[in-house]
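Taking it in order: structure first as structure tokens, then the write-up.
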Amino acid sequence: MTAVRIGAVAKATGCTPRALRHYEEHGLIASVRAANGYREYDDAVVTRVRNIRHLLDAGLTLDDVRVFLPCLDGDVASAPPSPAGLRVGRERLAVLDARIAAQVAVRDRLAVALQAVTPPAAPPPTPGSLR
């Protein structure tokens, strides 16, 4: 095990130190404290954080990511999904679909309201009237 400081993990994963501390608070990664009080991570945490980011980018939440804890140290992107992982993914997709439908309904109501109060555009000028 090679000890890696939070800044090195952040640089290797493209995450901020704040995000790493947040993942740690949620129990997704772990560190030990050096004598000087700095956080030190096992260098394998880089793979774990990249997998967490992959799952978050796919639309999952940190709570959803917990289901994947047993496989976060491997290749999550190409591994066959587990039944629990599929369930979480389907549940999250349903939540996102519901949010999108609600936003589309709000957008449509706003478009109708604006259409009702916006005067019609002036017709384009005829070719002879520009002089």
Side-chain angles (χ1 to χ4, degrees):
M1 173 187 123
T2 306
V4 185
R5 287 193 185 163
I6 195 168
V9 175
K11 185 175 181 179
T13 61
C15 285
T16 63
R18 182 175 180 204
L20 295 171
R21 288 188 294 271
H22 190 67
Y23 300 160
E24 193 170 339
E25 288 171 12
H26 280 79
L28 299 174
I29 62 174
S31 69
V32 295
R33 294 295 181 139
N36 60 8
Y38 290 166
R39 282 182 167 87
E40 291 186 342
Y41 298 90
D42 180 311
D43 59 355
V45 78
V46 170
T47 299
R48 180 174 277 247
V49 171
R50 286 181 180 151
N51 283 326
I52 291 168
R53 296 296 313 157
H54 173 74
L55 294 169
L56 293 174
D57 289 346
L60 300 182
T61 67
L62 285 179
D63 286 335
D64 295 337
V65 171
R66 276 190 219 297
V67 171
F68 297 88
L69 277 173
C71 57
L72 286 178
D73 297 325
D75 188 359
V76 169
S78 64
S82 69
L86 288 172
R87 178 186 49 77
V88 166
R90 287 183 181 119
E91 289 171 1
R92 183 59 45 209
L93 184 60
V95 168
L96 292 171
D97 284 342
R99 286 181 184 166
I100 290 167
Q103 289 297 305
V104 167
V106 169
R107 183 209 162 277
D108 291 348
R109 285 193 302 273
L110 179 58
V112 167
L114 287 173
Q115 203 171 32
V117 297
T118 304
T126 58
S129 67
L130 292 177
R131 296 184 195 154

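Just so you know, these numbers use all the heavy atoms, side chains as well, and skip hydrogens, waters and symmetry mates. For clarity, every value in this text was computed on a predicted model and none was experimentally measured.
- Listed by chain and number, the residues in a side chain to side chain contact (heavy atoms under 4.5 Å, CB included) with R33 are R39 (sequence neighbours excluded).
- Across every non-hydrogen atom of Y41 and S31, the tightest pair is CE2-CB, 3.4 Å.
- Y23 places a side-chain heavy atom less than 4.5 Å from the side chain of L56.
- Under the salt bridge (charged side-chain N to carboxylate O under 4.0 Å, His left out) criterion, R92 pairs with D64, sequence neighbours left out.
- I100 forms part of a hydrophobic cluster together with V104, judged by ILVMFWY side-chain heavy-atom separations under 4.5 Å.
- R53 meets the salt bridge (charged side-chain N to carboxylate O under 4.0 Å, His left out) test with D57; sequence neighbours excluded.
- With a 4.5 Å cut-off between side-chain heavy atoms of Ile, Leu, Val, Met, Phe, Trp and Tyr, the cluster of V46 takes in none.
- Residues satisfying the ring pair (Phe, Tyr, Trp, His ring centres under 6.0 Å) criterion with H26, sequence neighbours excluded, are H22.
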Pair I6, Y38 - check side-chain contact (heavy atoms from CB on, under 4.5 Å), show working.
CA-CA 8 Å; I6 195 168; Y38 290 166; over 6 Å; no
Atom pairs and distances, donor-acceptor, side-chain atoms in residues 77-84, under 3.5 Å, two or more places apart:
unit_1: S78; atom_1: OG; unit_2: D75; atom_2: OD2; d: 2.6
unit_1: S82; atom_1: OG; unit_2: G85; atom_2: N; d: 2.9

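- Using a 4.5 Å heavy-atom threshold, the side chains of V4 and V45 count as separate.
- Atom CG in L69 sits 11.5 Å away from atom CD1 in I29 (nearest 0.5 Å).
- Applying the side chain to side chain contact (heavy atoms under 4.5 Å, CB included) criterion to A34, with sequence neighbours excluded, gives N36, E40.
- In plain terms, the two heavy atoms of P70 and V67 that are nearest each other are CD-O, 3.5 Å.
- Across every non-hydrogen atom of L20 and A10, the tightest pair is CD1-N, 3.6 Å.
- Every pair tested for side-chain hydrogen bond (donor to acceptor under 3.5 Å, both in side chains) that includes a residue from residues 9-20 fails, sequence neighbours excluded, so the list is empty.
- Between N51 and L72, the shortest heavy-atom contact is ND2-O, 2.6 Å.
- Applying the salt bridge (charged side-chain N to carboxylate O under 4.0 Å, His left out) criterion to R87, with sequence neighbours excluded, gives E91.
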Donor-acceptor contacts, no H, no angles, side chain residues 110-117, under 3.5 Å, sequence neighbours left out:
none

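- With hydrogens and angles ignored, the 3.5 Å screen pairs a side-chain donor or acceptor of R50 with a backbone N or O of A12.
- Residue I52 holds its CD1 atom at 12.0 Å from CG of L60, rounded to the nearest 0.5 Å.
- Residues meeting the salt bridge (charged side-chain N to carboxylate O under 4.0 Å, His left out) test with D73, sequence neighbours left out: R48.
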